[in-house]
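Notes follow once the structure below has been shown.
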There are 2 protein chains.
Amino acid sequence: MATRRRDGQLARDRMLEEAVTAIAENGLAGLTMAGLAERLGTSGGHILYYFGSKDQLLLAALRWSEDKLAEERTAVLARRVQPPRKLDLFLDLYLPVGARDPRWMLWIELWARTAGNDELRSAQEEIDAGWQRDLAAILADGTARGAFTVDELDADTSELLALLEGLSTRVVLGLAGATRADALTAARRAAARLTGTR
Amino acid sequence: MATRRRDGQLARDRMLEEAVTAIAENGLAGLTMAGLAERLGTSGGHILYYFGSKDQLLLAALRWSEDKLAEERTAVLARRVQPPRKLDLFLDLYLPVGARDPRWMLWIELWARTAGNDELRSAQEEIDAGWQRDLAAILADGTARGAFTVDELDADTSELLALLEGLSTRVVLGLAGATRADALTAARRAAARLTGTR
DNA sequence: AAGTTTCTTGAGCGTCATTCAAACTTCAGC
DNA sequence: GCTGAAGTTTGAATGACGCTCAAGAAACTT
């Protein structure tokens, strides 16, 4: 019964990486199964052999992006810096790197596909929970050290995350007055007010 | 050159209303041109005669929904109530009425279609500007009357709107702990902090 | 070497938005 | 009431796309 997998995991990863690259280059609308297959030198059917559907492929691509960030986030949490600085690093990591951030394009696309798809929904909840947990840890730590004044940890964590999501959406949509820099400024202001550091 | 239109505007409106109803009933994924045409007793080609593309149809449907709300919003603004109450009415109006709010499903769908579509983007900016303007008016009025303490009107307006957008997204996605009631509570809390009424 | 499992392909299917030529309707001016 | 122009409506055709599936190739086990 020993695992018989050859390079399955490898092939999977290569597909995800290529998908994310393709999205960054041509946007999500330009990503087709056949097109991605060609970039990979394989066939459309083959990609579906691994992922089952385009929905699942996109979800896996989002997970792949998020997993890389989750590592960085863990590193941020472990750093020995002042709470405000740590919170700032968190904001930095959460917000899209720019208007064409593939991770955020994937979020938005998956939101649109979520209606009535319980698996997508719970996957998103799971990813979200990671951010929630780590942000709560930062806020709790800052409070314990007397650097922050947070009255309701859970509510404040959710609120800040919801705000970050809203700001991120606007950056990725490319709305006027919503560059990454603008979003970062707004996020810092809100964070400062929320933590009582102002 | 006198206008020759028969009931064109009427037909258009009927299509939009039916589209929104269909979305509320079966979700956006279930909305096809052929399906909508059948509900209307007409043909798919006919709908496109008026709207040109499905993107445009959805945008028009969003505008139609937003226009109805804009009227209510104007009514709210005109009411002679205390600023905190007025702000509360605003939050009430902005947030989705429930997880299947067609207006918000349209927003999310259009976000996904916005990439590289300048017309969609600027239309969204325009709609957004309406909310922004009216919220800023409420905050400014409250400040003038000494009920609110708002230090940077524009920044605070944008911040609250971004938060509302984030909260709304979660409600419509049906994430755990994100009912309309939850979102309303969170919005009120944030608004109170923002306006210094706490 | 044979058997089993995993991998890979590509033709074909069904669904969908969109196009378009043709037919139908309305209306102004006569 | 006729005519031509403008506006409206249809539905068949088109092309793109996600997805299925049967068949075969490759790798691994014994």
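Just so it is clear, the structure is predicted and the values come from calculations on it, not from any experiment. Residue numbers begin at 1 in each chain, while the letters A, B, ... track the order of the sequences. The basis for the numbers below is simple: all heavy atoms, side chains too, and nothing from hydrogens, waters or symmetry mates.
In this model, no donor atom of one side chain and acceptor atom of the other lie less than 3.5 Å apart for B/T114 and B/N117. Side chains of A/T179 and A/D182: a donor on one and an acceptor on the other come within 3.5 Å. For the residue pair B/Q124 / B/W107, no side-chain donor-acceptor distance below 3.5 Å is found, with atom types taken as modelled.
At D/dT10, one or more side-chain N or O atoms of B/T42 fall inside 4.0 Å of OP1 or OP2 (strictly under the cut-off).
Residue A/T32 is in sugar-phosphate contact alone, with no base atom involved, counting any heavy-atom pair closer than 4.0 Å across all strands shown. In this structure, A/L31 reaches the sugar-phosphate backbone alone: every heavy-atom distance under 4.0 Å involves primed, P, OP1 or OP2 atoms, never a base. Heavy atoms of A/I47 sit nowhere under 4.0 angstrom from any nucleic acid atom.
When the nucleotides C/dT9, D/dT10, D/dG18 are ranked by their closest atom to the side chain of A/M33, D/dG18 comes out on top. Side-chain atoms of B/K54 lie closest to C/dT18 of the nucleotides D/dG11, C/dT18, C/dG10. Counting only heavy atoms from C-beta on, B/Y49 has its side chain closest to D/dT8 among C/dT19, D/dC19, D/dT8.
One atom, OH of A/Y50, and another, C1' of D/dG18, lie 20 Å apart when rounded to the nearest Å. Atom CG of B/L40 is separated from atom C1' of D/dT9 by 13 Å (rounded to the nearest Å). To the nearest angstrom, P of C/dA17 lies 11 Å from CG of B/L28. Here C/dT8 presents its P atom at 18 Å from CD of A/E38, a figure rounded to the nearest Å. Atom NE2 of A/H46 and atom P of C/dA11 are 17 Å apart (whole Å). Put simply, CD on B/E109 is 14 Å from P on C/dC16, counting in whole angstrom units. For B/L48 and C/dT18, the CG to P distance is 6 Å, given to the nearest whole Å. The interatomic distance linking B/L36 (CG) with C/dT18 (C1') rounds to 15 Å, in whole Å.
If you chain together hydrophobic residues whose side chains sit under 4.5 Å apart, B/W111 and B/L120 fall into the same group.
Looking at which nucleotide of DNA chain D each of A/A29 and A/G44 is closest to, the 5′-most match is held by A/A29.
Between A/R145 and A/D141 the shortest side-chain heavy-atom distance falls below 4.5 Å.
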